[in-house]
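When reading the values below, keep in mind they use all heavy atoms of this one structure, side chains included, and skip hydrogens, waters and symmetry mates.
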Amino acid sequence: MERLHIDINALESMHRFGDILADAIESIKSDKAEFQVIRDAKDCIGRHWYGLRCRVTCRRSGIGFYLHIGLIYFPSTRPGLMIELDEQNNRHSYGSVLENITERPEFEINRAEPEYFKLFMPDSVFADMSGRPRGEQAVILRRFVAGGAEAIVDAAYEKGFRLDYRNMADSLNLVNAFDQALNEVESHISSVRVNYADKDNFGQYAEGFRYYLENDKGLSLYAYFGAIYSYKKQPAGIFAEIDKFSNQKEFDRVYHNMEASPVYELGVGEPGFIKLFMKAEMAEAVNRAEYKEQMELLKNFLKTCNEAFVTAWERGGNK
């Protein structure tokens with residue numbers, strides 16, 4: 001272990017740094033991106049890092065990024081002032097940023113950690129900034145953060161589409177399978193009626209069908225089964241869903257009584273929605289299977305989701 005060196009003045013400067021950084025980011029004026037400083041996230045500051053979280057949104061596409069901006073000083077990695085894009089919180093854009101990011105004088109690119117992509121302020125700029133008046137430091141910090149964030153935004157925006165006719169046929173086949181599953185799924189506690197006329201069956205980033213989910217105790221939920229696939233937000237995949245707008249009377253009763261399952265990922269992070277996503281390993285099993293087995297897997301997933309919604313509603317009535 002290294003000898004200790006107690007320097008309270010340096011620690012006070014760290015606090016001052018955080019305030020100046022936040023002020024600098026909040027004063028950024030950019031035609032490409034919007035910035036929202038978040039200083040109360042639980043991971044803003046830790047044992048070997050000091051900074052803040054920042055939500056950056058592309059003005060052109062609406063794609064959002066959850067960045068970590070601040071000082072990092074872990075012995076085995078590069079120390080300095082960084083803008084970090086982590087894969088876990090930015091799955092929709094992480095790959096395209098790594099692929100398309102371009103060098104700029106405001107930062108140095110660091111790819112040393114596979115799950116953490118960092119842009120560092122050049123060491124010479126950081127050293128020159130230290131000790132300057134607050135106003136001058138704010139200008140330097142603003143230039144660094146704006147340049148790095150706009151480079152990330154530009155990199156994600158440049159990703160184009162990649163489609164062939166096989167992909168289009170696969171999309172149609174998947175929709176037909178959703179239709180078949182809804183009409184063939186069997187359960188002793190629920191039944192399904194598909195609403196083919198609902199205009200929300202197909203949207204910009206969803207394909208499937210709205211349906212009435214009912215039981216013999218008077219329950220009638222308006223649900224959705226299909227696939228969701230926005231490149232602007234996650235998660236994506238095959239899912240079943242109920243929303244509060246369509247189920248105002250029963251939604252809260254279901255919401256507060258949902259339980260986890262080995263079959264689905266329970267998503268309740270988006271206000272007013274309960275989404276049950278097919279797990280990755282099941283999706284992989286579907287892709288490996290022949291058609292008959294694929295349909296059985298889809299129907300079993302749908303049955304589990306439907307019965308989870310119904311059972312949550314019944315559970316709420318017993319309390």
Side-chain angles (χ1 to χ4, degrees), residues 10-11 13-28 30 32-59 61-104 106-123 125-127 129-130 137-157 232-235 269:
L11 296 176
S13 273
M14 199 169 287
H15 184 199
R16 197 183 304 276
F17 159 80
D19 286 350
I20 298 173
L21 176 64
D23 290 345
I25 297 173
E26 289 172 346
S27 64
I28 292 174
S30 170
K32 294 183 177 181
E34 297 177 357
F35 295 79
Q36 178 192 357
V37 171
I38 304 168
R39 297 194 72 179
D40 58 356
K42 64 181 181 179
D43 59 352
C44 285
I45 300 169
R47 184 186 296 256
H48 60 268
W49 68 93
Y50 190 102
L52 50 80
R53 282 288 190 173
C54 184
R55 198 173 301 281
V56 176
T57 305
C58 176
R59 293 184 183 276
S61 69
I63 300 175
F65 308 86
Y66 192 53
L67 305 181
H68 194 187
I69 305 174
L71 306 171
I72 185 166
Y73 35 95
F74 191 67
S76 62
T77 61
R78 175 177 174 173
L81 174 55
M82 66 166 190
I83 301 170
E84 178 185 83
L85 182 80
D86 68 282
E87 185 175 14
Q88 180 176 352
N89 288 297
N90 301 276
R91 295 189 185 280
H92 62 293
S93 57
Y94 191 78
S96 57
V97 171
L98 266 64
E99 181 181 350
N100 297 311
I101 193 81
T102 57
E103 299 278 356
R104 294 192 185 186
E106 296 95 335
F107 56 77
E108 296 171 355
I109 296 173
N110 185 284
R111 305 174 186 267
E113 299 171 83
E115 298 176 355
Y116 299 93
F117 175 73
K118 296 180 175 70
L119 305 177
F120 278 94
M121 176 180 281
D123 293 341
V125 177
F126 184 81
M129 176 178 61
S130 180
Q137 290 178 332
V139 171
I140 297 169
L141 289 170
R142 188 161 52 241
R143 185 183 304 122
F144 166 65
V145 174
E150 288 180 352
I152 289 171
V153 164
D154 286 344
Y157 186 74
K232 298 181 181 180
K233 62 181 182 179
Q234 292 292 308

Thinking salt bridges, do [X] and [Y] make one under a 4.0 Å N-O criterion?
{"X": "Asp86", "Y": "Arg91", "answer": "no"}
{"X": "Glu106", "Y": "Arg143", "answer": "no"}
{"X": "Glu84", "Y": "Lys118", "answer": "yes"}
{"X": "Arg142", "Y": "Glu26", "answer": "no"}

Does the side chain of [X] reach to within under 4.5 Å of the side chain of [Y], using non-hydrogen atoms?
{"X": "His92", "Y": "Ile63", "value": "yes"}
{"X": "Ile101", "Y": "Phe117", "value": "yes"}
{"X": "Val37", "Y": "Arg53", "value": "no"}
{"X": "Leu67", "Y": "Leu85", "value": "yes"}
{"X": "Val125", "Y": "Ile140", "value": "yes"}
{"X": "Phe144", "Y": "Phe107", "value": "yes"}
{"X": "Ile25", "Y": "Ile69", "value": "yes"}
{"X": "Leu71", "Y": "Phe17", "value": "yes"}

Once you round to the nearest 0.5 Å, how far does [atom1] of [X] lie from [atom2] of [Y]?
{"X": "Leu21", "Y": "Cys54", "atom1": "CG", "atom2": "SG", "value": "8.5 Å"}
{"X": "Ile152", "Y": "Lys32", "atom1": "CD1", "atom2": "NZ", "value": "12.5 Å"}
{"X": "Ser93", "Y": "Asn100", "atom1": "OG", "atom2": "CG", "value": "11.5 Å"}
{"X": "Met14", "Y": "Tyr50", "atom1": "CE", "atom2": "OH", "value": "7.5 Å"}
{"X": "Met82", "Y": "Tyr116", "atom1": "CE", "atom2": "OH", "value": "10.0 Å"}

Shortest non-hydrogen separation from [X] to [Y] and the atoms involved:
{"X": "Leu81", "Y": "Met129", "result": "CD2-CE, 4.3 Å"}
{"X": "Gly46", "Y": "Tyr73", "result": "O-OH, 4.2 Å"}
{"X": "Gly148", "Y": "Ile83", "result": "CA-CD1, 3.8 Å"}
{"X": "Ser27", "Y": "Ala24", "result": "OG-O, 2.9 Å"}
{"X": "Tyr66", "Y": "Ala41", "result": "OH-CB, 3.6 Å"}
{"X": "Thr57", "Y": "Gly62", "result": "CG2-O, 3.8 Å"}

Exercise: do Glu113 and Thr77 side chains pair donor with acceptor under 3.5 Å: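 There is no such pair between these side chains.
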Trace of the side chain to side chain contact (heavy atoms under 4.5 Å, CB included) decision for Glu115 with Gln88: CA-CA 8 Å; Glu115 298 176 355; Gln88 180 176 352; over 6 Å; no
Arg39, CZ atom: more than 12 neighbouring heavy atoms under 6.0 Å: yes
Heavy atoms from other residues, nucleotides or ligands near CZ of Arg47 exceed 12 (cutoff 6.0 Å): no
cation_pi(Arg55, Phe65) dist<6.0 Å, angle<=45: no
Plane angle bin for Trp49 and His68 - parallel if under 30°, tilted between 30 and 60°, otherwise perpendicular: perpendicular
Criterion side chain to side chain contact (heavy atoms under 4.5 Å, CB included) on Asn90 and Val97, from CA distance to verdict: CA-CA 10 Å; Asn90 301 276; Val97 171; over 6 Å; no
Check: Ser130 side chain, Ala127 main-chain N or O, donor-acceptor pair, under 3.5 Å: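 Judged by distance alone, no pair lies under 3.5 Å.
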Asn89 vs Tyr94, side chain to side chain contact (heavy atoms under 4.5 Å, CB included): CA-CA, chis, key distance, verdict: CA-CA 9 Å; Asn89 288 297; Tyr94 191 78; over 6 Å; no
From CA spacing to verdict: side chain to side chain contact (heavy atoms under 4.5 Å, CB included), Arg78, Asp123: CA-CA 11 Å; Arg78 175 177 174 173; Asp123 293 341; 3.3 Å; yes
